[in-house]
Amino acid sequence: MAVLFVNMYAGRGLLRVLKKKNYKMDTKSVSIVGIGGQGIIMASEIVACALMLAGFDVKKNEIKGMSQMGGSVSSCLRFGQKVYSPLPQNGQTDILLSFELIEACRSIDCLRADAPAIINNFKLNPMGSSNCELDLIGQLRQSGRNIILVDGIKLALEAGNIKAVNVALLGVLANYLSLEKDVWLQAVAQLAPKKTYKINEKAFMLGYQNDSCV
Amino acid sequence: MKKLLSGNEAIARGSYEAGVRFATAYHGTPSTEILEELAKYDQVCAEWSINEKVALEKGIGAGLGGARSLVAMKHVGLNVASDPFMILAYTGVCAGIVIVSADDPYMHSSQSEQDNRNYAKFAKAPMLEPADSQEAKDFTKLAFDLSEKFDTPVMLRTTTRISHSKSVVELGERHEVIHPPFDKDVAKYVMIPVFARKRRLIMENRMQQIAGLVETIGCNRVEYNNRRLGIICSGIVYLYVKEVVPQASILKLGVTYPLPQNKIKEFCASVDKVYVIEELDPFLEEQIRAMGCSVIGKEAIPSVGELNPDIIADALGIRRKAADVSDKSHLPARPPSFCPGCAYRGVFYFLKKLKVRVMGDIGCYTLGALPPLEAIDAVFCMGASIGCALGFEKAVSDPDVKAVAVIGDSTFFHSGITALIDVIYNKGVGTVIVLDNHTTAMTGFQDHPGTGKTLKREGSQAVDLVKLGEAVGFKRVITFDPYDMDTVYKVLKEEIKREEPSLIISKRSCLLLDKKRKYQKRKIDAAKCNGCGVCLGLGCPALGETDNKKVKIEPVMCNGCPVCEYVCRQGAIESA
Ligand code: SF4
Ligand code: SF4
């Protein structure tokens, strides 16, 4: 398991978050944020399942809104050899996956100083409010985190269904958690509705091989 | 086999493995999933009850019938069930009974953050508090064993973080536990003064026995590390403490009532400094101080809201480095609001227009209190709207100042019916509006006595609200479709004015459930829109301002309803 972990951020050499090779498996935290209805809970279920299949201890916590559509949703996963708290300390999260730009800005401080933030390049104005004119991407870059913008909608459409945005983004995330690809696909197969497996598989692979980081 | 389970799923699994044959609840966040999970097992008779009091009474009955029974509720649900709970502690049980109280510190989705650990002490019933899902499962089984061993109801207390966090659980097998129905024993089961006084002594004796057991029970455990710092904690706080100060010595309590006196004294004597870290009330702290131990508690740890690793690190003065947190107030928030197309929106729009005082209740429709609608004036607890409106009517002499009660269908069944009868009995002349959307929308679409479906999705007799209203004595029972805007306005206006009691039933499915719903999205004719903003007062998430001060309808969000078209005086909103 330790070997698995050394590689954790090495995905295609994009990042070296772990400056020193840390053979001791500390608990790592992944945060997934977005808006109700975007499939965030399903996405975090898949990540948790994949981590478990890979042999990690996993804890996961989410704040779900009420049933109504459109509220902020966030889910946090922690994994390692032995995980205690389901919540990380502020500023100690290792990877952020955001399905939306405003939510990414809201959550960016949860990350460690130079940690990666994979962000769907998509803005949804809060319901009923006027257009949010802020330079969100500029603010994100200013935060000093490693901002990776992804066109999740394009990937999902290419896979055949706009609803597969969540799985396409997981494909991108997979590059930063060095689990075997098969473990991910197994988790997708276990959790996503059977009918949609083909599309989800394609979406995952498109995200996984995605080089078109904006 | 290992599985990732939420605390609630783990309680369900633990109940199943413990041989539970009867389980019931009234749904409420964060407890709801326990019964939804238990309903999947054929061996368990799992039911939604009309409210928590009835749920516990059914649990008591099932226990007398020989079935291990689980009764689950959110913290405020135990207020409703407290009457049978207190007495059950007197009588004791036949087969084991476990009551789950899922508390909600910080009030993620509740109207109070009462600390239900006080109920265990109040009722004199033992209480267990798990920290994660594995413990949630194990403690559920332990709770049933304790319940039968000591002839007592046992409380299993969780909080939102435990109920909704997922962690890895090792699954076990089910063990059938079959008890015969109870033997006739009036001195034990008939709580009249003469018998209750005897039971009162038995209770004291029982608590003393349990207090002995908790000294050695495995789930109260000491982890000695560095002896300079000792921490007494339980539940989720234990996990935060392990995260923040792994080097500390810890007394982790699995049973938080009654407390292991000797173990606590010994722990306090073995370490230099002791913190009692607990969420909400100083429940452990006060008892531990009463044992003569000197500890640091609420002077360092907040008693309001949830704790988290950061708060604990700060309190212990060991924060590595405060994380840079930039100001986020410029980011637009996403406040909850009625879904686009929700059938409630029009009703609240008219109530505001009619300038009545609106006594609201608990459900999605409570959102009618928020801007821009701001149509609800007071909300207390489940079912309170009708009684509040009646009391208001009795106190106010000005006939032009009126209050109406607005209550959802599930809440009405939970605890509105008794007050409805009181309106007639006490000659009220007010208006009661039942917003019937055929489900319990807010907690995730549970069935209730009005839907004609049980928890196990079997057909059942649906209660007819119109007949119910007539049967208790309402002469005026009016049903409308809330999309029929002209009728809604006319009926509300007339009935509120009338000096006669009326029951109005606004009938339309929650649109998130109504799969067959056909609708026509709307759009704005920019040439006609003069930017008056009347429609924005509806708070429909699909409606927003454009840059040139006109209104636009977000086509993906619009669920096509007649409301905005109705309120627009310029005729600028039309079918898309
Ligand atoms: S969930 Fe249903 S009842 Fe609740 S706001 Fe949405 S449409 Fe209305
Ligand atoms: S925009 Fe108008 S028609 Fe569409 S959901 Fe909102 S109120 Fe109804």
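Below, chain A is the first sequence line, B the second, and so on; all start at residue 1.
Pairs engaging residues 98-107 of chain A under the side chain to side chain donor-acceptor pair (under 3.5 Å) rule: S72(A)-E103(A), E100(A)-R334(B), E103(A)-R106(A), E103(A)-R334(B) [sequence neighbours left out].
Between chain A and the options P309(B), S167(B), P372(B), heavy-atom pairs under 4.5 Å are most frequent for P309(B). Between chain A and the options L538(B), V168(B), T29(B), V551(B), heavy-atom pairs under 4.5 Å are most frequent for V168(B).
Note that the SG atom of C561(B) and the CZ atom of R522(B) stand 7.0 Å from one another [nearest 0.5 Å].
Neither the backbone nor the side chain of L77(A) comes within contact range of chain B, judged by heavy atoms closer than 4.5 Å.
Partners of E201(A) under the salt bridge (charged side-chain N to carboxylate O under 4.0 Å, His left out) rule, at least two apart in sequence or in another chain, are K198(A).
Electrostatic pairing of K252(B) and E135(B) counts as a salt bridge here, judged by a charged N lying under 4.0 Å from a carboxylate O.
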